[in-house]
Structure formats: structure tokens, C-alpha cells
Amino acid sequence: MEGSTFVSTHTEQTPPATDPGAPRMIIAVDGPSGSGKSSVCRAAATHLGAGYLDTGAMYRAATWYCLDQQIDLDDEEAVAVAVEELPMNISTDPDHQVICVGSQDVTDAIREPRISEKVSEVATNRRARSLLVAAQRRIIDEAGFIVAEGRDITTVVAPDAQVRVLLTASAEARLRRRGAQLGGTQDAEALKKQVLERDKKDSAASNFTEAADGVAVLDSSDLTFQETVDSLIGRVQIAQEDAA
Ligand SMILES: Nc1ncnc2c1ncn2[C@@H]1O[C@H](COP(=O)(O)OP(=O)(O)OP(=O)(O)O)[C@@H](O)[C@H]1O
Ligand SMILES: Nc1ccn([C@H]2C[C@H](O)[C@@H](COP(=O)(O)O)O2)c(=O)n1
């Protein structure tokens with residue numbers, strides 16, 4: 001997939017046409033925080049020549065916007081209205097991940113701990129959620145061949161996906177990985193807050209700890225990063241052979 005593909009959740013911007021030669025296949029991946037969804041799915045999408053959708057980034061951008069607009073996150077109505085007007089553009093190019101709110105590039109800002117600590121409040125707002133789910137379905141449909149990851153992709157956003165995987169890892173592995181990813185800047189308490197406590201809050205909105213019917217479990221606790229990527233790619237290749 002060349003260049004960057006921007007799709008919008010709000011504006012009338014038309015996304016570029018997908019490669020007409022590309023096979024139509026949706027790969028849906030869910031899992032808890034730090035299980036490796038973003039990094040593994042991005043690498044798999046690059047290898048496969050597929051698009052990549054980080055739905056968590058959309059919830060994060062919505063949270064960034066609400067905070068920027070000084071919206072009280074306890075005010076369900078105000079949050080829903082903000083998400084309705086959210087001028088968000090997200091790239092589906094796995095090699096060029098950019099997310100903008102209006103003209104502002106928030107790609108790095110949405111990863112800050114202040115967003116991680118608040119994002120569950122937006123993700124558990126039912127109206128905000130249904131707006132973002134609708135946008136995600138449209139993005140996936142327009143891409144045609146895409147790896148989409150989050151918490152409810154296998155169950156709500158794309159339950160008909162040809163490949164459906166729950167990517168898991170032990171709490172210990174997830175905390176260790178997230179700590180290393182943040183360069184050792186966070187103490188154990190802060191990490192627990194950002195990983196385990198966030199999972200607990202997010203569980204109110206979707207079930208990403210047990211695989212739904214037809215969803216395969218990929219436990220990466222004892223796998224290297226590359227082994228995990230290869231396992232996901234292998235499942236896609238089997239689905240492609242079955243479809244041929
Ligand atoms: N199998 C693995 N072995 C070792 N490290 C891994 C493995 N899978 C992922 N990682 C690393 O773990 C870290 C967390 O992964 P990642 O950010 O992809 O998780 P995530 O599930 O998307 O988390 P979140 O939902 O919180 O965004 C990254 O630094 C990634 O490179
Ligand atoms: N499909 C999704 C994706 C994400 N969320 C929520 C849960 C997380 O706290 C937050 C950020 O996601 P992350 O970047 O950590 O993957 O968004 C969700 O509810 N549904």
C-alpha cells in the first residue's frame with residue numbers, strides 16, 4: 001500500500017479508491033492493552049500489503065478533542081456532541097500512521113499518559129461509541145483489504161470478518177512490554193493504571209478477554225514479536241487459500 005490513505009470520520013472528504021486487484025478480506029483483531037495488537041497488526045498489514053486501522057487511536061483522538069475543548073467527560077451529552085462534530089482524519093497506511101483533528105497532527109499527543117488515563121471515559125460513552133463504530137465500519141468497507149484492531153472488532157464492528165483473532169498475553173508480559181515501550185519512564189503503579197485498570201474500565205463497553213464463537217485465540221505471552229506476527233500472517237494466508 002503506497003503513500004498515506006486518509007479517511008475522515010466527519011468531513012465529506014472522499015478516500016482514494018482501493019487497489020482493484022487487491023483481494024477483499026477483513027482481518028479483525030481484538031485484545032487487552034499491551035497484548036501487541038497495534039505493533040503486530042501493523043507489521044502483518046505491511047507484509048500482506050493490506051490497510052491497517054487502529055481503532056484505539058480514534059477513541060484517543062476523540063478524548064484529545066474533548067480535553068482540548070474543555071468538555072467535562074462526565075457530561076455524557078456533551079461528549080457525544082463533541083464526537084459527532086469531531087473533524088478526525090486517520091491514515092490506514094500501516095507504514096505511515098498519522099491522525100489529525102482538524103489541521104492539528106495529534107499522532108504523538110494521543111499516546112500521552114494524560115490521554116491513556118481518560119480515554120475509557122469516552123470509550124464507555126454509548127453514543128460516542130456508536131458514532132465511532134459507524135465510522136470504523138465505513139473505513140473498513142472502503143478499504144476492502146485491511147487489518148483492523150481494537151476491543152470489539154471481532155464482535156461488533158466486523159463480526160463477519162474472514163479472519164477473527166483475540167490476541168492475548170499474560171498481565172505480567174503486557175506490563176513488561178508497555179514499560180519497555182515507554183522507555184522505563186513509568187513506575188509500576190502508573191503502568192498498572194494505564195494497562196490493567198484501563199482494561200477493567202474498558203470491559204464495561206466490550207468483552208475482549210474471552211473469544212466469541214468463531215474467534216481464534218493467539219496467546220503471545222511466550223512468543224517473540226516476529227513469531228506473533230508470523231502466526232497472524234499464517235492465519236490470513238490460510239483464509240486466502242480457502243477463499244481462492
Ligand atoms: N510477542 C511479543 N513479544 C514481545 N514484545 C511484544 C510482542 N508483541 C508486542 N510486543 C511489544 O509490546 C509493546 C506493546 O504492544 P502494542 O502497543 O502493539 O500493544 P497494544 O495491544 O496495541 O496496546 P494498547 O491497546 O494499549 O494500545 C510494543 O512495544 C510491542 O513491540
Ligand atoms: N475498538 C476499540 C478500541 C479501543 N477502545 C478503547 C479502549 C482503550 O482504553 C482506548 C484506547 O485504545 P488503545 O490505543 O489502548 O488500543 O480505546 C475501545 O473501547 N474499542
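Just so it is clear, the structure is predicted and the values come from calculations on it, not from any experiment. Both counts, for ligands and for their atoms, begin at 1 and track the order of listing.
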(request) Could you tell me if any non-hydrogen atom of E227 lies under 4.0 Å from any atom of ligand 1? (result) no
(request) Write out the residue and atom name of the closest protein heavy atom to atom 22 (O) of ligand 1, then the distance separating them to 0.1 Å. (result) S38 OG, 2.5 Å
(request) Report yes or no: do S33 and R198 form a side-chain donor-acceptor pair below 3.5 Å? (result) yes
(message) Starting from atom 25 (O) of ligand 1, what is the nearest protein heavy atom, named by residue and atom, and what distance separates them?
(response) K37 NZ, 2.7 Å
(message) D202 versus ligand 2: do any nitrogen or oxygen atoms come within less than 3.5 Å of each other?
(response) yes
(request) Could you find the nearest protein heavy atom to atom 24 (P) of ligand 1 and give me its residue, atom name and distance? (result) R178 NH2, 3.5 Å
(request) Pick one of side chain, backbone, both or neither for how L167 approaches ligand 1, counting any non-hydrogen atom pair under 4.0 Å. (result) neither
(request) Report yes or no: does G56 have a heavy atom closer than 4.0 Å to ligand 1? (result) no
(message) Tell me the contacting part of A169 for ligand 1: side chain, backbone, both, or neither, using a 4.0 Å heavy-atom threshold, strictly below.
(response) neither
(request) Report whether F225 and V147 are members of the same hydrophobic cluster (ILVMFWY, side-chain heavy atoms less than 4.5 Å apart, transitive linking). (result) yes
(request) Between G36, C41, A43, S33, flag the one that comes closest to atom 19 (O) of ligand 1 by a heavy atom. (result) G36
(request) Just let me know how R198 lines up against ligand 1, side chain, backbone, both or neither, with a heavy-atom cut-off below 4.0 Å. (result) side chain
(request) Find out if a path of hydrophobic residues (ILVMFWY) with successive side-chain heavy-atom gaps under 4.5 Å connects F208 to L132. (result) no
(message) So, 4.0 Å and heavy atoms of R151: is ligand 1 close enough to count as a contact?
(response) yes
(request) Please identify which atoms of ligand 1 are closer than 4.0 Å to at least one heavy atom of L223. (result) 1 (N), 2 (C), 3 (N)
(request) Say whether L196 and L167 are linked into one hydrophobic cluster, either directly or through other cluster members, by side-chain heavy-atom distances under 4.5 angstrom. (result) no
(request) Please state whether S35 comes within less than 4.0 angstrom of ligand 1, counting heavy atoms only. (result) yes
(message) Heavy atoms only, cut-off 4.0 Å: how does R60 contact ligand 2, side chain, backbone, both, or neither?
(response) side chain
(message) For E197, is there an ion pair with K201 - N to carboxylate O distance below 4.0 angstrom?
(response) no
(message) For atom 10 (N) of ligand 1, what is the closest protein heavy atom, and at what distance to 0.1 Å?
(response) R177 CD, 3.7 Å
(request) Examine the proximity of ligand 2 to R111 and report which part, side chain or backbone, both or neither, has a heavy atom under 4.0 Å away. (result) side chain
(message) To check your reading of the model: name the closest protein heavy atom to atom 28 (C) of ligand 1, its residue, and the distance in Å.
(response) Q181 NE2, 3.5 Å
(request) Please lay out, stage by stage, how R111 and D54 fare under the test salt bridge (Lys or Arg N to Asp or Glu O under 4.0 Å). (result) CA-CA 13 Å; R111 303 292 160 194; D54 178 351; 3.0 Å; yes
(message) Could you measure the distance from the NE2 atom of H96 to the OG1 atom of T107? Nearest 0.5 Å is fine.
(response) 8.0 Å
(request) Using a 4.0 Å heavy-atom threshold (strictly under), name the region of R151 that reaches ligand 2: side chain, backbone, both or neither. (result) both
(message) On a heavy-atom basis, I'd like to know which of P32, G150, G56, S116 is closest to atom 12 (O) of ligand 2.
(response) G56
(message) Closer than 3.5 angstrom, by distance alone: can the side chain of R137 be matched with the main-chain N or O of V157 as a donor-acceptor pair?
(response) yes
(message) What I want to know is whether D152 and ligand 2 share at least one N or O pair that is separated by under 3.5 angstrom.
(response) yes
(request) Compute the shortest N/O to N/O distance between T55 and ligand 2 and return yes if it is under 3.5 Å, no if not. (result) yes
(message) Check this for me, if you would: do E142 and R138 make a salt bridge, where the nitrogen-to-carboxylate-oxygen distance has to be below 4.0 angstrom?
(response) yes
(message) Can you confirm whether more than 12 heavy atoms, excluding those of Q97, are under 6.0 Å from its CD atom?
(response) yes
(message) Test of understanding: given a 4.0 Å heavy-atom threshold, classify the contact between R129 and ligand 2 as side chain, backbone, both, or neither.
(response) side chain
(request) State whether D152 and R129 are salt-bridged, where the test is any N-O pair (Lys NZ or Arg NE/NH1/NH2 against Asp/Glu carboxylate O) under 4.0 Å. (result) yes
(message) Below the 3.5 angstrom mark, is there an N/O of R60, backbone or side chain, next to an N/O of ligand 1?
(response) no
(request) If a pair satisfies side chain to side chain donor-acceptor pair (under 3.5 Å) and one of its residues is in residues 61-72, list it, with sequence neighbours excluded. (result) Y65-E85
(request) Check ligand 1 against T224 and write out every atom of the ligand that is under 4.0 Å from a heavy-atom position of the residue. (result) 1 (N), 2 (C), 3 (N)
(request) Quick one: closest heavy-atom pair of A123 and A205, and the distance? (result) O-CB, 3.7 Å
(request) Please write down residue, atom name and distance for the protein heavy atom closest to atom 6 (C) of ligand 2. (result) A123 CB, 3.7 Å
(request) Kindly give the heavy-atom pair with the smallest separation between A62 and V83, and that separation in Å. (result) CB-CG2, 4.1 Å
(request) Quick one: look up the protein heavy atom nearest atom 31 (O) of ligand 1 and list residue, atom name and how far away it is. (result) S39 OG, 3.8 Å
(request) Before signing off on this row, confirm whether R198 and ligand 2 have an N or O atom pair separated by under 3.5 Å. (result) yes
(message) Can you pull out every salt bridge (Lys or Arg N to Asp or Glu O under 4.0 Å) where at least one residue sits in residues 33-47? Sequence neighbours excluded, please.
(response) none
(request) Just need the protein heavy atom nearest to atom 1 (N) of ligand 1, so name the residue and atom and give the distance. (result) T228 OG1, 2.9 Å
(request) Measure across T55 and G150 and return the closest heavy-atom pair with its distance rounded to 0.1 Å. (result) OG1-CA, 3.3 Å
(message) At less than 4.0 angstrom from any non-hydrogen atom of P32, what atoms of ligand 1 do you find?
(response) 21 (O)
(message) Can you report which non-hydrogen protein atom sits closest to atom 17 (O) of ligand 2, along with the distance?
(response) Y59 CB, 3.4 Å
(request) State whether D230 and R235 are salt-bridged, where the test is any N-O pair (Lys NZ or Arg NE/NH1/NH2 against Asp/Glu carboxylate O) under 4.0 Å. (result) no
